[in-house]
**Q** 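Please see the structure below; I have some questions.
Numbering of ligands and ligand atoms starts at 1, following listing order. Only heavy atoms go into these numbers, but all of them, side chains included; no hydrogens, no water, no symmetry mates.
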Amino acid sequence: MAFSKDFIWGAAAASYQVEGAWNDDGKGPNVWDVSAKYGHIRHNETAEVSADHYHRMKEDVALMKELGLKAYRFSISWARVLPNGIGEVNEKGLKFYSDLVDELIANGIEPLATIFHWDYPYALDCLGGWKNKDSSDWFLEYTKVIIDALSDRVKYWMTFNEPQCSLGCGYMVGVFAPFQKCSTPELLEMGANMFRAHGKAVKYIRENAKQKCYISMAPYGSIYCPEDDSEEAFNKAYNDSFKSEGERFPFSMSYWSDVVYLGHYPEDMVEEFGDQLPQFTDEEWAMISAPLDFYGVNIYYYKGYPSADGGYDTNWYQGRPHTALNWPVTPEAMYWVPKFMYKRYGLPVMITENGLSEHDWVCLDGKVHDSYRIDFTHRYLRELSRVADEVPVIGYMHWSVMDNYEWAEGFDERFGLIYVDYQTQERTIKDSGYWYKGVIEANGENL
Ligand code: GBH
């Protein structure tokens with residue numbers, strides 16, 4: 001039956017988006033803290049306070065318990081733990097994560113930690129960031145600190161969240177911090193350093209974690225859906241989904257996942273770039289593609305082909321349901337992404353993010369009636385239940401546990417199961433939160 005008895009129902013957030021406390025207790029600045037001061041963010045909003053989770057962690061974990069979550073996926077702020085990215089450890093910052101983990105466990109919630117969710121230390125950015133040949137060693141140094149401190153209690157580790165966005169949005173099209181536009185050779189080199197960083201971190205975790213750990217990356221899964229039931233349609237969608245897209249390779253799935261999960265560059269990249277591709281030694285390849293335990297993937301919608309006449313892409317049509325961020329509502333993505341990823345990478349799949357933005361508000365009766373979030377999630381989870389009969393799916397993390405800072409979009413967009421009033425920091429569990437609680441209690445049998 002669809003969901004296994006030990007299915008991990010949870011919700012997610014990321015350090016920079018919820019914590020606030022941007023310079024409390026010795027935290028160093030990251031590239032977002034700095035960029036936000038230079039007009040890159042809608043309404044010039046900053047995450048200096050955000051949802052103030054750093055100071056309200058216990059209250060927030062109590063709300064997670066109220067939602068019945070079995071797991072919480074959070075990320076660690078590198079510059080909170082190592083203010084300069086390397087060197088001196090900020091014990092108070094590290095203690096915050098240790099306390100969070102204790103609080104989660106005391107409330108019966110499994111902690112799932114993402115090592116890097118985009119908030120790169122500014123001090124390291126000043127040294128060239130991922131362009132610097134030492135950057136993978138910096139990442140290792142940071143990983144050591146958090147593994148030594150938390151791996152006695154944290155079993156699930158994700159190295160990079162959506163590396164596509166880190167490299168593509170941050171350094172190619174320049175819509176995310178640090179808002180750079182780098183050349184293709186630079187991007188290839190930076191990507192190579194990110195792979196080395198991933199590999200070194202995985203090696204360290206395997207050799208030094210205080211208990212058996214489950215490790216993954218968490219890219220986003222962007223695919224094309226088969227247009228009908230035929231084998232041809234399946235093959236076309238599958239093959240197109242894993243194309244590395246020429247110079248847009250940072251946004252592809254195959255670039256990140258073939259290297260890490262299969263141990264080679266995608267064939268079409270080898271054809272396209274030949275000798276331009278950074279080379280790895282055999283030892284590096286072994287480290288970069290060392291076996292992982294599951295395939296974590298963020299799922300929001302599937303891609304469309306551009307129309308020939310400049311009209312809608314094929315994942316759109318006139319009047320198509322779309323979210324506040326104008327993302328199409330495509331529940332089928334939740335069926336096809338796990339199916340494609342299992343076929344290609346052969347590992348159990350965990351949905352590390354899925355959700356939608358709405359412009360919710362607190363209604364006259366004091367509640368948040370987010371019926372669209374319920375319907376959206378219901379549709380996506382039904383597809384997940386369908387695919388879980390065919391491929392191993394081990395968990396689902398709703399994005400997000402609470403409203404938060406949506407990067408360059410600031411605070412207009414609300415993704416949470418819990419509403420946050422940014423004026424008062426008051427939290428209100430939305431209708432969708434109570435609905436999700438019911439799904440968890442029924443282990444999805446009521447979908
Ligand atoms: C995630 O980004 C982030 O991890 C999270 O921090 C953020 O708050 C949340 O989602 C909401 O935005 O190639 O056409 O399939 C998601 C951003 C959305 C970017 C889906 C890629 C797919 C493009 N991603 N998108 S496509």
**Q** Side chain, backbone, both or neither: which part of Gln164 comes within less than 4.0 Å of ligand 1 when only heavy atoms are counted?
**A** neither

**Q** To the closest 0.5 Å, what do you measure between CD (Glu59) and CE (Met64)?
**A** 10.5 Å

**Q** Show me which atoms of ligand 1 lie under 4.0 Å from any heavy atom of His117.
**A**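 Once the distances to His117 are compared, the set is 3 (C), 4 (O), 5 (C), 6 (O).
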
**Q** Give the ring-plane orientation class for Tyr300 versus Phe415, where under 30° counts as parallel, over 60° as perpendicular and anything between as tilted.
**A** perpendicular

**Q** Touching ligand 1 at all, Phe251? Heavy atoms, strictly under 4.0 Å?
**A** no

**Q** Looking only at distance, does Asn404 have an N or O less than 3.5 Å from an N or O of ligand 1?
**A**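 Checking ligand 1 against Asn404, no N or O pair falls under 3.5 Å apart.
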
**Q** Return the option from Trp118, Tyr300, Tyr301 holding the heavy atom at the smallest distance from atom 25 (N) of ligand 1.
**A**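 Selected option, by shortest heavy-atom distance: Tyr301.
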
**Q** Given Tyr220, Tyr16, Tyr302, Phe415, which has its nearest heavy atom closest to atom 19 (C) of ligand 1?
**A**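 Nearest option to atom 19 (C) of ligand 1, by heavy atoms: Tyr220.
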
**Q** Ser50 and Gly20: which non-hydrogen atoms are nearest, and at how many Å?
**A** CB-N, 4.0 Å

**Q** Between Arg42 and Phe411, is NZ or CZ placed under 6.0 angstrom from the six-membered ring centre and within 45° of the ring axis?
**A** no

**Q** List every atom of ligand 1 that sits less than 4.0 Å from any heavy atom of Asn298, numbering the atoms from 1 in the order shown and giving each element.
**A**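 Within the 4.0 Å cut-off of Asn298, ligand 1 contributes 4 (O).
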
**Q** Do you know which of Arg373, Arg427, Lys430 makes salt bridge (Lys or Arg N to Asp or Glu O under 4.0 Å) with Asp403?
**A**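 Of the listed residues Arg373, Arg427, Lys430, the salt bridge (Lys or Arg N to Asp or Glu O under 4.0 Å) partner of Asp403 is Lys430.
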
**Q** Give a yes or no on this: more than 12 heavy atoms of other residues, nucleotides or ligands lie within 6.0 Å of atom OH of Tyr419.
**A**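 Enclosed.
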
**Q** Under 4.0 Å from any heavy atom of Asn161, which atoms of ligand 1 are there?
**A** 4 (O)

**Q** For ligand 1, which atoms have a heavy atom of Lys303 less than 4.0 angstrom away?
**A**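 The atoms of ligand 1 under 4.0 Å from a heavy atom of Lys303 are 13 (O), 14 (O), 15 (O), 26 (S).
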
